[in-house]
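The next block holds one structure in the form of structure tokens; read it before the comments.
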Amino acid sequence: MATNGNDNCNANDSVWQFRGNGATSDAAAVTLRKLVFGMFKNCNFNNGKTILPSTTHSFKTCPEAEEAVAAAVRSGMANSYAPSPGIFNARRAVADYLNGELPTKLRPEDVYITGGCNQAIEIVLDSLAGNPAGNILLPNPGYPHYDARAIYSGVEVRKYDLLPERDFEIDLDALEAAADKNTVALVLINPNNPCGNVYTYDHLKKVAEMAKKLGIVVISDEVYDKVVYGERPFVPMGTFASIAPVITLGSISKGWVVPGWRIGWMAMNDSNRILKDAGVVESIEDCLDLTPQPSFLLQEALPEILEKTPKEYFAKKNKAMKRNVELSFERLRDIPCLFCPKKPESCSYLWLRLDTSVLANIENDLDFCTKLVSEESLVLVPGVALGAKNWVRISIGTEESELAETFDRLKSFYSRHAISKETIKSHVDTVNQIVVAVV
């Protein structure tokens, strides 16, 4: 009798020689995308509420950037494959953009164009993964794509803390203690996501001196360099390349509010040829030959975007961000379970400590965010996704009307889940009794 061919097909049968790659699952499990998009499954799409944050009320890019892309389309010059390192005009434009006050100027050949900052992260970590016992030092809290790619590339992750009581400076003693002979790099995020701080010249110099002492490269993630609205100026890590080699990562995603355009870069601040002589530059170039090139269209547009965007665009946007910070701090007074230890000077988030002791039936930050999205259709990032338990990250890079709605929903959620004043008083009395007993 004829069969349909499925009778003997069983994935668990030993005859089949292929299996899925478990490394991809391990790496994807710690990505921000996996967690946040997974939280959307808890949204109630029938409650009449728009999911926040939305894309329709966030800040817009500038007309100059839009026209640059349109002009690249019309030119017909960007319809072919691009060279692996990126087209020369884009590399030169990025070098000019980054040079500023750098003591040692970048050349176009020091710059490589990537598909956003995430691809730059992947290429750099893959290029440094030659030592099977190698490890990398990552900030805690930090950006989880570094963790994910390190796991995927077989590089051990070791964490160093950022200190809230010292404006989220790097704990340099702990960083040194975490390193050993197999440490290859440390990642620095400045301006910092999620904490919103901007590191001082003196602190960055100490980081460079520590990197030299440890014999490691500094990977400086500067994707938020155009989103600075505090009093402290942004200092590029490449300033200290004469002390230790620096690989600068960046993109237009945050400054120009176009994360979907996926265009970024890596720059080798290597004035002493350390990266070159160690074979890191060659490895990066080889990795670029293995990966898809970023859009030729966006590369063609990039020089116009970087060179013709008026300073007023950033000034206006950053002024609105600073106003949003002030509005957010005013509204946080009505939500006692959330506390921000420091007003951010950069980025588009608030990094908030969560106090679950004043909430009923909320176990931790993940539980808080999961129930919040279910009840209020409001998506916050739980701190555990960024390496810090019982913290949350809230996006404030939006119009004031949406920001007000965000805090209205947070207040409503808190009001439903807050424990009674009597319970709070009882909790405080119990703690005081314990303290007295211990003393």
Side-chain angles (χ1 to χ4, degrees), residues 32-33 55-56 58-100 106-127 143 145 149 191 193 219-227 236 247-268 284-311 313-314 317 347-348 397:
L32 194 57
R33 190 180 306 171
T55 56
T56 55
S58 63
F59 296 137
K60 308 301 181 187
T61 195
C62 59
E64 291 80 5
E66 295 174 338
E67 178 53 34
V69 176
V73 173
R74 293 191 297 263
S75 73
M77 300 296 293
N79 296 331
S80 61
Y81 295 112
S84 296
I87 65 173
F88 180 80
N89 286 345
R91 299 172 76 185
R92 180 175 59 189
V94 172
D96 291 343
Y97 171 78
L98 294 176
N99 275 332
L106 294 163
R107 305 163 301 165
E109 53 265 40
D110 296 322
V111 173
Y112 302 94
I113 306 301
T114 60
C117 196
N118 273 4
Q119 189 188 39
I121 292 170
E122 294 164 7
I123 290 170
V124 168
L125 292 191
D126 284 355
S127 299
Y143 180 54
H145 199 70
R149 196 64 193 192
N193 169 24
I219 301 169
S220 186
D221 185 327
E222 300 177 2
V223 73
Y224 283 96
D225 65 332
K226 288 295 187 184
V227 192
I247 301 176
T248 298
L249 311 185
S251 80
I252 64 171
S253 297
K254 307 304 181 182
W256 280 260
V257 202
V258 287
W261 289 12
R262 312 308 302 161
I263 192 77
W265 53 79
M266 301 175 286
M268 306 297 116
I284 285 173
E285 291 177 348
D286 289 341
C287 277
L288 286 164
D289 284 332
L290 292 169
T291 61
Q293 304 104 320
S295 165
F296 199 150
L297 196 66
L298 270 298
Q299 293 192 56
E300 184 73 17
L302 189 57
E304 292 282 307
I305 294 171
L306 295 178
E307 294 163 9
K308 293 192 175 181
T309 299
K311 293 180 180 180
Y313 167 71
F314 302 111
K317 181 162 62 70
C347 301
S348 52

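Just so you know, these numbers come straight off a predicted model, no measurement behind them.
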Legend entry - Validation row: Thr291, Glu122 side chains within 4.5 angstrom (heavy atoms): no
Inset, instruction - Measure the acute angle between the ring planes of Trp256 and Tyr97, then classify it against the limits of 30° and 60° as parallel, tilted or perpendicular. - result: tilted
Inset, instruction - Starting at CD of Gln293, measure out to CG of Leu288 and round the result to the nearest 0.5 Å. - result: 9.0 Å
Inset, instruction - Please tell me if the side chains of Tyr143 and Ile121 come closer than 4.5 Å, counting only heavy atoms from C-beta onward. - result: yes
Inset, instruction - Could you grab the distance from atom CZ of Arg107 to atom CG of Asp96, nearest 0.5 Å is fine? - result: 13.5 Å
Legend entry - Whether Arg91 side chain and Glu109 backbone form a donor-acceptor pair below 3.5 Å: yes
Legend entry - Heavy-atom donor-acceptor pair, Lys317 side chain to Gly397 backbone, under 3.5 Å: no
Legend entry - Residues Glu67 and Arg74 bridged, charged N to O under 4.0 Å: yes
Inset, instruction - Using atom types as modelled and distance alone, determine if a side-chain donor or acceptor of Asn99 lies under 3.5 Å from a backbone N or O of Leu106. - result: yes
Legend entry - Test item: Tyr313 and Val257 side chains (from C-beta on) under 4.5 Å apart, heavy atoms: yes
Inset, instruction - Quick one: pull up OG in Ser220 and CE in Met266 and give me the separation to the nearest 0.5 Å. - result: 14.5 Å
Legend entry - Gln119 side-chain N/O to Gly264 backbone N/O, donor-acceptor pair under 3.5 Å: no
Legend entry - Asp289 side chain vs Asp286 backbone, donor-acceptor pair below 3.5 Å: no
Legend entry - Atom pair CZ (Arg92) and CD (Glu307), whose distance is rounded to the nearest 0.5 Å: 8.0 Å
Under 3.5 Å donor-acceptor pairs involving side-chain atoms of residues 294-305, not counting sequence neighbours:
{"residue": "Ser295", "atom": "OG", "partner": "Leu297", "partner atom": "N", "Å": "3.1"}
{"residue": "Ser295", "atom": "OG", "partner": "Leu298", "partner atom": "N", "Å": "3.2"}
{"residue": "Gln299", "atom": "OE1", "partner": "Ile87", "partner atom": "N", "Å": "2.8"}
{"residue": "Gln299", "atom": "NE2", "partner": "Pro294", "partner atom": "O", "Å": "3.1"}
{"residue": "Glu304", "atom": "OE1", "partner": "Lys308", "partner atom": "NZ", "Å": "3.0"}

Legend entry - Point-to-point distance, once rounded to the nearest 0.5 Å, from OG1 of Thr248 to CG of Asp221: 10.0 Å
